[in-house]
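Report on the structure given below.
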Amino acid sequence: MKIIFTSALLSSAVLLAACESKWQKLPDDQLAAKASDCAAIADPSSAMIQVCKNVTRECERRRDNGVYIC
């Protein structure tokens, strides 16, 4: 079950990583959840590392705009 969840999360994250505008359109609560998921991964794959970098970048962009969600 954990493998299916991880695969689904990774697949959706990779699809979202393909376009920066999709990260910007992601609702605050979903972005915060993805940031939390990234923080919980002990040994991420190279693809997940890139996804987490994108999440971090979007969190920082929103923080610069006064939105402190993650």
Side-chain angles (χ1 to χ4, degrees):
M1 186 66 162
K2 185 176 180 181
I3 293 172
I4 294 171
F5 175 73
T6 303
S7 297
L9 177 64
L10 182 59
S11 296
S12 64
V14 168
L15 290 174
L16 289 173
C19 181
E20 282 290 323
S21 65
K22 289 190 177 185
W23 284 112
Q24 293 174 354
K25 292 178 184 177
L26 195 64
D28 289 346
D29 59 336
Q30 289 180 10
L31 182 64
K34 289 189 182 301
S36 178
D37 291 343
C38 285
I41 298 173
D43 187 25
S45 66
S46 58
M48 198 61 179
I49 290 170
Q50 185 59 46
V51 168
C52 291
K53 285 181 182 180
N54 290 337
V55 168
T56 300
R57 187 179 311 123
E58 182 60 21
C59 285
E60 290 172 356
R61 186 190 71 77
R62 292 186 191 194
R63 195 173 302 122
D64 290 343
N65 291 329
V67 179
Y68 300 92
I69 55 144
C70 49

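Index from 1, following the sequence. Heavy atoms only: backbone and side chains are in, while hydrogens, waters and symmetry mates are out.
- Taking each heavy atom of K34 and W23 in turn, the nearest pair found is CD-CZ3, 3.8 Å.
- How far CD of Q30 is from CD1 of I69: 10.5 Å, rounded to the nearest 0.5 Å.
- Going from atom CZ of R63 over to atom SG of C70 covers 6.0 Å, rounded to the nearest 0.5 Å.
- In this structure, the separation between SG on C59 and CG on D64 is 11.5 Å, given to the nearest 0.5 Å.
- Interatomic distance, T56 OG1 to I49 CD1, rounded to the nearest 0.5 Å: 11.5 Å.
- Look at E58 and R61 and you find a salt bridge, because one of the NZ, NE, NH1 or NH2 atoms lies within 4.0 Å of a carboxylate O, short of that distance.
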Candidate pair N54 and R57, rule side-chain hydrogen bond (donor to acceptor under 3.5 Å, both in side chains), full reasoning:
CA-CA 5 Å; N54 290 337; R57 187 179 311 123; 2.9 Å; yes
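- Note on L31: it clusters hydrophobically with V67, by side-chain heavy-atom contacts below 4.5 Å among ILVMFWY residues.
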